[in-house]
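Notes to accompany the following structure.
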Amino acid sequence: MNRREFLTKSGKIACLCGIGASAPSLFTSCANPTNSELEDTSGIQLEFDLSTNEFLVLQTNGGSVITDGNDIDSKGLLLLRNNDKIKAYTRNCTHAGYQLLAFENGISICSSYHGGQFDINGVAVSDPAIGILKSYETELMDNILIVYGG
């Protein structure tokens, strides 16, 4: 074997070995727990006044808003009015941790537009998202929504 053949073959082998060694990290990154799953927010509660402009949409069935990161969830909350209840989920996509957008027509999509979607029960309905969004207990008293950490 001459020098050129040796370099060509050894270069290909080195590339394959490098890909093989890094492949597990490519696949496990999607299986890592999200930040909201690791946070212990027990005992924390937040109040939202639904009579303010920011949250008026939650007075209508199907209305949805998102919040910024807060003491309960560093990615923020995804809120949805479903009849006489308001549901609260993490905004953290289960696939890669990107933030989710407010529900439209019963679906919340990932802000990265990689295709992940969730239904009004927080269940992934489109790959690559998997599983169920972390949800938070809520209580609605007149125009005040209370979201409980946990």
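N70 contributes a side-chain N or O that, together with a main-chain N or O of I72, makes up a donor-acceptor pair within less than 3.5 Å. Between the Q59 side chain and the L50 main chain, a donor and an acceptor come within less than 3.5 Å of each other. A donor-acceptor pair under 3.5 Å links the side-chain atoms of S126 to the main chain of G115, judged by distance alone. Side-chain N or O atoms of N92 include none that pairs as donor or acceptor with a backbone N or O of T94 at under 3.5 Å. Remark: side-chain polar atoms of T67 are paired, donor with acceptor, to backbone N or O of L77 under 3.5 angstrom. The closest donor-acceptor contact from the side chain of N121 to the backbone of V123 lies at 3.5 Å or more, if one exists at all. Within the 3.5 Å criterion, the main-chain N or O of F103 finds a donor-acceptor partner in the side chain of S64. For K75 (side chain) and G97 (main-chain N/O), a donor-acceptor pair under 3.5 Å exists by modelled atom type. Proximity of a side-chain donor or acceptor of R91 to a complementary backbone N or O of C93 within less than 3.5 Å is not detected. R81 places a side-chain N or O within 3.5 Å of a backbone atom of L58 that can act as its donor or acceptor partner.
Among all heavy-atom pairs drawn from D49 and T52, the shortest one is O-OG1, 2.8 Å.
Residues passing the ring-ring contact (aromatic ring centres under 6.0 Å, His included) test with Y98, sequence neighbours excluded: none.
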In a table with atom names and distances, give each donor-acceptor pair under 3.5 Å that connects a side chain of residues 140-148 to protein atoms at least two apart or in another chain.
unit_1, atom_1, unit_2, atom_2, d
Y148, OH, E139, OE1, 2.5

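The distance from the CG atom of D73 to the CG atom of D68 is 11.5 Å, given to the nearest 0.5 Å. Interatomic distance, OG1 of T138 versus CD of Q45, reported as 12.0 Å (0.5 Å rounding). Here L101 contributes atom CG and F118 contributes atom CZ; the two are 11.5 Å apart, rounded to the nearest 0.5 Å.
For the pair K85/K87, no side-chain contact is recorded, criterion being any heavy-atom separation below 4.5 Å from C-beta on.
Cluster membership check: I86 does not share its hydrophobic cluster with L78, using side-chain heavy-atom separations under 4.5 Å among Ile, Leu, Val, Met, Phe, Trp and Tyr.
The list of ring pair (Phe, Tyr, Trp, His ring centres under 6.0 Å) pairs with a residue in residues 40-90, not counting sequence neighbours, reads F48-F55.
A side-chain contact (heavy atoms from CB on, under 4.5 Å) with S108 is found for exactly one of I120, L80, L133, L100, namely L100.
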